[in-house]
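All remarks here apply to the structure that follows.
From a predicted model like this one, the values you see are computed outputs, not experimental measurements. Heavy-atom basis, side chains included; hydrogens, waters and symmetry copies ignored.
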Amino acid sequence: MSVPVLEMRGISKAFFGTQVLKDVNLTVERGQIHCLVGENGAGKSTLMNILFGMPVITNTGGYEGDLFINGEKKSFDSPRAAIEAGIGMVHQEFMLLPGFTVTENIKLNRELTKANPFSAIFGEKLETLNRAQMAKDARTALDRLGMTIDEWAPVAGLPVGYLQFVEIAREIDKENLQLLVLDEPTAVLTESEAEQFLEVIKRLAQSGISILFITHRLDEVMAVADRITILKDGELVSTGPKEEYTISQIAELMVGRKVDTASRRTRTRQPSDEVVLQIRGLRVNMPGETLRGIDLDVRKGEILGLGGLAGHGKVGLANGIMGLYPSQGQVLYEGRELPLNNTQAALKAGLAFVSEDRRGVGLVLEDTIANNIVLTSMQSQDRFLKPGFLKLKDEKKILEHAREFIDKFDIRCTGPDQIVRRLSGGNQQKVCLARAFTQQPKLLFVSEPTRGIDVGAKSRVLELIVELNEMGVTVVFTSSELAELRSIADRIAIVYEGRLAGFLPPDAPDVAFGLLMAGKSLEEVAAR
């Protein structure tokens, strides 16, 4: 019997008296795809930080338990030590340098050099970059991933799906790679990109590389896993071959309660035929999500789903209307023209936006939960301020409101003064929604609200969107996950190459959505 690539035995870890891992065991065999699942806060990231020797572990007293690589006991005190032992990791947050090219990012800190007349005299420090060989290596790694992108393309401005593949290419370019840890790698990918990615990791596993795959998409777990390990509240709940589980069983084990993974959420409020938002000829210059002229009517009180493949413009619509990227065209809200390229005007008109980029746009990471929840309302609506000329913050009212919304949204935290950066992804997303609710909007744009969060938090986020709609708020909901759109939307608009391909009801056949996303017309869809 071969020695496992990785064994973690009896791993426990506490942060400042709070136990986050308790006696966890994990074994990954050579060439195996091992899926690690659990809600946000279950301890997955802490377990991976231990494996990768991250400073957050070494600087807080280390951990209890034993770690073995190929049967040899290890204790990594830095990521470099883990890398030298053959461990690669693609983190949930991108680690790329935007000012560098694809090749430069792939070869970062492992640059290849070549001798020249000066280095022959003065030594290796004067060798020059072997750009041709670096590009050749980068091309090989990109080809293994099925990526046709130019190896010298600048990273800045690339769609997020491309950035994820560049991250993975960097890891598989390493010669001694034995174990590749993937932390939510498909969270930023569309369904088609994710399918391509899953085929890639199957090939990597067949070549002998072990894959430790952390994901919240349970259909992906069932598609590729050889073995599954489930964590809950820092403890090992279950581990075994994929064949021993169903999606519903995994979801229930993760959250400790039955989770409906498929059914449509109950709606008591019906949208009217009145058009509340008219969009005509909207063009948005958003890198990777350009809109090339779209006409769209949104009905009062509806949840309109926006779907389509990555890079076709669906994400650009909300970003353009809310003034985050340069836009042209005409937008009428409640019969009045809404100025484009003016975020403040959109907010004052009663529009709110939950961005797909919660960490970069949606939150002030170093500020408290309380301040994040009230920030937009305070700035654009003059709420949560004391009466008077100076407009001072009403700290008491802010804390009262934050406590109410922490309870309402089930935000797992130590209190309203906790820094947002220290929350899990799912709880950060709930803070974004709490901020939007606080604005008391008439129309809400919400973009990729469940990206990178677990099944339990995902279910609650979708429930909250429906709750807001039941209160009379019109919702435009953009998602790369068709199942989500179909679970809450009244109708779904598909965007293809920056234009509207057509509308479909949520119960339309899968093939109809697939054809529209592939650029077929509604007539061609109807003929199938």
Atom pair [atom1]/[atom2] of [X] and [Y] - distance to nearest 0.5 Å:
X: I57; Y: T46; atom1: CD1; atom2: OG1; value: 5.5 Å
X: K74; Y: F68; atom1: NZ; atom2: CZ; value: 12.0 Å
X: E220; Y: I247; atom1: CD; atom2: CD1; value: 10.5 Å
X: E400; Y: E395; atom1: CD; atom2: CD; value: 12.0 Å
X: Q32; Y: L6; atom1: CD; atom2: CG; value: 10.0 Å
X: M222; Y: D219; atom1: CE; atom2: CG; value: 10.0 Å

Can you check whether [Y]'s main-chain N or O pairs, donor with acceptor, with [X]'s side chain at less than 3.5 Å?
X: S210; Y: E29; result: yes
X: T239; Y: I228; result: yes
X: K314; Y: G308; result: yes
X: T103; Y: E151; result: yes
X: K44; Y: G38; result: yes
X: R421; Y: V364; result: no
X: N176; Y: E84; result: yes
X: N105; Y: L97; result: yes
X: Q178; Y: A85; result: yes
X: E289; Y: G313; result: yes

State, without any angle test, whether [X] and [Y] hold a side-chain donor-acceptor pair at a distance under 3.5 Å.
X: S447; Y: T478; answer: no
X: K13; Y: N49; answer: no
X: N130; Y: E111; answer: no
X: R435; Y: N372; answer: yes
X: R80; Y: N109; answer: no
X: S487; Y: E484; answer: no

Quick check: are there more than 12 heavy atoms from other residues, nucleotides or ligands sitting under 6.0 Å from [atom1] of [X]?
X: K202; atom1: NZ; result: yes
X: R422; atom1: CZ; result: no
X: K174; atom1: NZ; result: yes
X: F405; atom1: CZ; result: yes

Original post:
Looking at W152, does the NZ or CZ of R139 lie under 6.0 angstrom from its six-membered ring centre and within 45 degrees of the ring axis?
Top reply: no
**OP:** Validate the cation-pi geometry between K242 and Y245: distance from NZ or CZ to the six-membered ring centre under 6.0 Å, angle to the ring axis within 45°.
**Re:** no
How far apart are the closest heavy atoms of [X] and [Y], and which atoms are they?
X: L462; Y: I488; result: CD2-CD1, 4.1 Å
X: N427; Y: S424; result: ND2-OG, 2.9 Å
X: A169; Y: A141; result: O-CB, 3.6 Å
X: G240; Y: R227; result: O-CG, 3.2 Å
X: Y63; Y: S12; result: CB-O, 3.5 Å
X: G415; Y: I406; result: C-CD1, 4.1 Å

**OP:** Please step through side-chain contact (heavy atoms from CB on, under 4.5 Å) for the pair K232 and L253, ending with a clear verdict.
**Re:** CA-CA 8 Å; K232 181 179 184 296; L253 286 167; over 6 Å; no
Would a 4.5 Å heavy-atom cut-off, applied to side chains only, mark [X] and [Y] as touching?
X: D137; Y: M134; answer: no
X: C432; Y: L363; answer: yes
X: C413; Y: L423; answer: yes
X: L179; Y: I209; answer: no
X: L433; Y: V354; answer: yes
X: E171; Y: V90; answer: yes
X: L182; Y: I214; answer: no
X: L231; Y: V37; answer: no

Original post:
Are D410 and R460 within salt-bridge range, i.e. N to O under 4.0 Å?
Top reply: no
Subject >> N-O pairing of R110 and D173 below 4.0 Å >> reply: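 Salt bridge present between R110 and D173.
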Subject >> Test side-chain contact (heavy atoms from CB on, under 4.5 Å) applied to L67 and K73, step by step >> reply: CA-CA 6 Å; L67 170 64; K73 190 172 180 179; over 6 Å; no
**OP:** Start with the C-alpha distance between Q379 and T376, add both sets of side-chain angles, then the distance that settles side-chain hydrogen bond (donor to acceptor under 3.5 Å, both in side chains), and finish with yes or no.
**Re:** CA-CA 5 Å; Q379 291 180 337; T376 306; 5.6 Å; no
**OP:** Kindly say whether the aromatic ring centers of H34 and F213 come within a distance under 6.0 Å.
**Re:** no
Original post:
Do the ring centers of F445 and F477 come within less than 6.0 Å of each other?
Top reply: no
**OP:** Could you give me the CA-CA distance, side-chain angles and deciding distance for D367 and I419, then say whether side-chain contact (heavy atoms from CB on, under 4.5 Å) is met?
**Re:** CA-CA 5 Å; D367 209 344; I419 300 301; 5.7 Å; no
**OP:** Apply the test side-chain contact (heavy atoms from CB on, under 4.5 Å) to residues F52 and V181: give CA-CA distance (whole Å), side-chain angles for both, the deciding distance (0.1 Å), then the verdict.
**Re:** CA-CA 9 Å; F52 212 59; V181 180; 6.0 Å; no
